[in-house]
**Student:** 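Structure in C-alpha cells, see below.
Because the structure is predicted, anything quoted here is derived from the model rather than measured. In what follows, every chain begins at residue 1, and chains take the letters A, B, ... in the order their sequences are listed.
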Amino acid sequence: MPGLRVVLAEDSVLLRDGLAALLARFGHEVAAAVGDSDGLREAVAAHEPDIVVTDVRMPPGFKDEGLRTALELRRRRPGLPVLVLSQYVETRYATELMDAGDGTHLGYLLKDRIGHVSEFVDALQRVVDGGTVVDPEVVRQMLRRRRDPLAALTAREREVLALVAEGRSNLAIATELTLVEASVAKHIRSILQKLGLPQTEETHRRVLAVLTFLRS
Amino acid sequence: MRTADVPKAGVYLLANAVTGLLTLLVSVLLFAAGGVLAVVVVGLPLLAGLVLVGLPVAAVERRLQRLIDARPLPSRHRVPPEPGLASWLRTRYTEPGTWRELGFAGLLMTVLWPVDLLAVVLGVTVPPVVLATPVLFGTIGDAEQVNVLKAVPVTSWPQAFLAGAVGLFAMVACACGLVLLARLRAALARLVLHPRRDLDQTVVELTRSRVRLVDAFEAERSRIERDLHDGAQQRLVALSVLLGLARLDAPDGPLAEQLSRAHDEAGQALVELRELIRGIHPPVLTDFGLEAAIADLADRCPVPLEVSFAMPQRFSAAVESAAYFVVSEALANLAKHSGASRGTITGSYAGRTLTVEIADNGCGGARIDGGTGLIGLADRVSVVGGRLSLSSPPGGPTRLIVEIPCQACG
C-alpha cells in the first residue's frame, strides 16, 4: 500500500503533532499541517494531496469553519477525499458533509476514533478509495430517528393499521371505526406512503405494512 | 406654548382656587365640629374623617391635570381586600397614598389657592384695562385725564397710546405667565401625589441588570464550553492517540493490558466530556439553530416523538438557548416522570412570536414549581420577554408551551 499524501488541518498543536506522528507511523506523508481554514485552502492548492483531514471547529470563529472549508474544497474539486474529524455526535454536521457532491470519498469521524489508530488509518484508506465512512456513534444516532417507522402515522392511521393487521377488510374497518369506506382507503394509502412501501407488482404492500406494525 | 393652552391654564388655576377654598371651608367646619363634639366622643370620627379630605381633592386634581399634562396620573390607591366600609377604611388609613393626598390638600387650602386665584384674577383683568387706556381716555377722561388702574395718570394722547401698547405687552406676558404657573402647579401636584419616578427607574434598572446577568451567564457557559472543547478535550484526544500508538509497539503481556485499560479509560473520559459539553451549551445550537438542535434532542429521547419543527429562521443566542433548554428539560421530565408512550414537539414562528409546544399522552400532574427544573426555565424565558405555560391535569395529557416574542435574524 503506497503512502498517502495528507493535508492536515487542526488548530490544536498537540493533536496535530499526534496525528502527524500517527500517519508517519503508518507510512503516510503529511504534506502540510495547518491550523486554520485559510491555511487549509492554500495547502490544498499547493500540495494537491490524496486526502484532506480537517477538524470541524477551527479559528477564527471556533464554529464549524473546518466543515465549511471542506465543503467549499469539495465544490471546487469534486471527488477530493475529505475526512472530517469532529467532537460532535449531532447528526446535522455529518449530514451536511454527506450532502456534498455524490457522497463518496467522504468521512466523518469522532475524534475518539483517532485513538483506535488502526481503525482510523483504515478509515483514511477507505475514504481515499472512494468509500463513505461515518462514525458508528453518529450512525447509531441517525438510526434512532428511524427506530419507529410508525411514529410518522397519526393516531387514527395507527388504529386503522392495527385493524388491518387483524385481517379485517376495509369495510369491516369502516364499520368498526364508524367511518366511510372511502376514508379508510384514504388512510391506508397514507399509511403505505408514510411507511415508504413502493407501488410494485412483486410485493403485497398491505402485508408489508402489517409486518412493520408487528415488528414495532 | 400654544394659544389654546392659555384658557386651559386659566380654567385649571381657577378650578384649583375654588377647590382649595372649598377644602378650606370643609376642613375648618369638620375641625370645629369635631373639636367641639370630641368631648362627647361623637366628634372623634369627624376628626379622623378629616384625614380623608385629601381623597376627593386628589381626585379633582387628577381630572384637572388632563388640561395641562397629557401623561396619565392614575390613582395609586390599593383595592380593599374585602367589600365593606371597615376594609375600605383600613386600606385607606394604612397606605401612603392617603397621607400624601392629605399633604397635598393641606398645601392647596393654605398656600396654593390664594396664589392661583390672585394670578387668574390679575392676569385676566389688568392687561385689558391697561390696553383700553386710549378708549377710556377718549370717553370717560374727555381727552384730558384718566388714571390707569386708578394709579397712573395719563394726560395726553401719546401717553394714552403708550399705555395701550404696554397693555398689549402685559396681555402676552400674563398669558405666558398663566401657562407657566399652571404647568408649575401641575408638576408640583404630580410630584406630591405621584413620586413615581424613582420606583419606575428602580424597576427599569432591575430589569436591565437581570438581562445583563443572564447574558453574562450565557457568555460564561459559552466560554466554559469553548475551554473544554479546545483544551481538555483536545488533550484527551492527543493522549488517546499516544496510548493507541504505544499499544501498537507494546509487546504482549501485562504492560499491553495496562495500556489497553488506560486507552479505554481515556475513551470513556472523552464520551463523558462530550455529554457534559452538550449539557452546558450544545454547539449544534450555535452552528445550525433551533431546528437541528431540537431534532437532536428528540433523537435522544427514549419516548417516540412526533416532531414538526420547521424553523429555518435564526434568533438571538439568548432566545434560542432559552427555547432549547425548555425543550431539553421538558423531554427529560417526559421520559422520567410522565409514563407517556408518545409525545409531540411543535414549533412555529408567526406574528413575531416563537412558539414551541411539547405535549405527551402521559399521566399528567406536572407542576412548574414541582421541584423540576421548570421554574428556573420559566425565569429564563421571562428574561427574554417570553412566558411558559403548563397544562397538566392529573391523568394527563401534559402540554407545555413556551412563547417568546422575538425578531428573526437571518
Side-chain angles (χ1 to χ4, degrees), chain A residues 10-22 24-26 55-59 61-65 67-68 85-93 95-96 110-121 137 140-155 158 216, chain B residues 222 225-231 233-249 262-264 266-271 273-275 277-278 282-289 291-308 341-344 361:
Chain A
E10 163 64 60
D11 60 291
S12 150
V13 180
L14 200 64
L15 189 51
R16 200 157 69 205
D17 292 349
L19 272 168
L22 190 160
R25 173 76 169 66
F26 283 84
D55 189 0
V56 164
R57 185 177 165 109
M58 273 213 279
F62 289 99
K63 287 176 72 184
D64 52 355
E65 283 91 345
L67 179 64
R68 302 270 147 240
L85 298 176
S86 167
Q87 287 130 324
Y88 308 143
V89 73
E90 286 86 351
T91 57
R92 181 62 183 264
Y93 295 92
T95 50
E96 196 89 351
L110 293 184
K111 285 191 170 172
D112 316 19
R113 215 60 57 189
I114 312 172
H116 304 272
V117 284
S118 345
E119 259 181 69
F120 172 69
V121 175
E137 191 60 40
R140 198 152 35 239
Q141 179 79 8
M142 282 174 169
L143 289 180
R144 263 189 226 167
R145 195 174 302 186
R146 314 263 172 265
R147 169 188 46 193
D148 183 8
L150 301 184
L153 304 189
T154 64
R158 273 193 299 280
S216 73
Chain B
S222 289
E225 179 249 342
R226 198 163 141 166
D227 284 356
L228 286 176
H229 243 134
D230 301 324
Q233 203 171 29
Q234 303 283 38
R235 276 180 188 275
L236 265 177
V237 173
L239 172 67
S240 174
V241 171
L242 285 178
L243 286 171
L245 283 173
R247 275 176 76 186
L248 286 180
D249 298 329
H263 196 197
D264 291 348
Q268 198 52 44
L270 268 172
V271 171
L273 191 57
R274 191 162 55 225
E275 286 304 303
I277 289 173
R278 208 174 55 86
V284 68
L285 183 64
T286 320
D287 291 343
F288 293 103
E291 186 181 336
I294 283 179
D296 180 67
L297 279 179
D299 287 347
R300 288 162 190 273
C301 184
V303 179
L305 294 170
E306 214 172 299
V307 184
S308 66
S341 64
R342 314 190 59 77
T344 56
N361 63 354

**Student:** When you look at B:Gln234 and A:Asp55, which way does the side-chain contact (heavy atoms from CB on, under 4.5 Å) test go after all the steps?
**Tutor:** CA-CA 11 Å; B:Gln234 303 283 38; A:Asp55 189 0; 3.8 Å; yes

**Student:** Identify the heavy atoms of A:Ser118 and B:Leu248 that sit nearest to each other, and give their distance.
**Tutor:** OG-CD2, 4.2 Å

**Student:** For a quick test of reading the model, state the closest non-hydrogen atom pair linking A:Gly115 to B:Ser240 and the distance between them.
**Tutor:** CA-OG, 3.3 Å

**Student:** Rounded to the nearest 0.5 Å, how far apart are OG of A:Ser86 and CZ of B:Arg274?
**Tutor:** 8.5 Å

**Student:** Select, from A:Lys111, A:Gln87, A:Glu90, the one with the greatest count of heavy-atom pairs under 4.5 Å involving chain B.
**Tutor:** A:Gln87

**Student:** Report the C-alpha separation of A:Val117 and B:Arg247 in whole Å, then their side-chain angles, then the decisive distance to 0.1 Å, and conclude whether the side-chain contact (heavy atoms from CB on, under 4.5 Å) test is met.
**Tutor:** CA-CA 9 Å; A:Val117 284; B:Arg247 275 176 76 186; over 6 Å; no

**Student:** Sort A:Asp17 into side chain, backbone, both or neither according to what part of it lies under 4.5 angstrom from a heavy atom of chain B.
**Tutor:** neither

**Student:** Taking B:Leu243, B:Leu242, B:Asp230 one by one, which has the highest count of heavy-atom pairs under 4.5 Å against chain A?
**Tutor:** B:Asp230

**Student:** Among B:Val241, B:Leu273, B:Val307, which residue forms the greatest number of heavy-atom pairs with chain A at distances under 4.5 Å?
**Tutor:** B:Val241

**Student:** Under 4.5 Å heavy-atom distance to chain A, tell me which part of B:Arg300 shows up: side chain, backbone, both or neither.
**Tutor:** both

**Student:** How many angstroms lie between atom CZ of B:Arg235 and atom CG of A:Leu14, to the nearest 0.5 angstrom?
**Tutor:** 5.5 Å

**Student:** Looking at A:Arg25 and B:Asp249, is any side-chain nitrogen of the basic one under 4.0 Å from a carboxylate oxygen of the acidic one?
**Tutor:** yes

**Student:** Against chain A, work out which of B:Leu236, B:Leu270, B:Leu245 has the most heavy-atom pairs shorter than 4.5 Å and name it.
**Tutor:** B:Leu245

**Student:** Got a second to check how far A:Asp112's CG is from B:Gln268's CD, nearest 0.5 Å?
**Tutor:** 9.5 Å

**Student:** Mind checking whether A:Tyr93 and B:Phe288 have parallel, tilted or perpendicular rings, split at 30° and 60°?
**Tutor:** perpendicular

**Student:** Return the option, out of A:Arg57, A:Lys63, A:His116, with the maximum number of heavy-atom pairs under 4.5 Å with chain B.
**Tutor:** A:Arg57

**Student:** With a 4.5 angstrom heavy-atom cut-off, which part of A:Thr95 approaches chain B: side chain, backbone, both or neither?
**Tutor:** neither

**Student:** Given a strict heavy-atom distance threshold of 4.5 Å, which part of A:Arg16 is in contact with chain B: side chain, backbone, both, or neither?
**Tutor:** neither

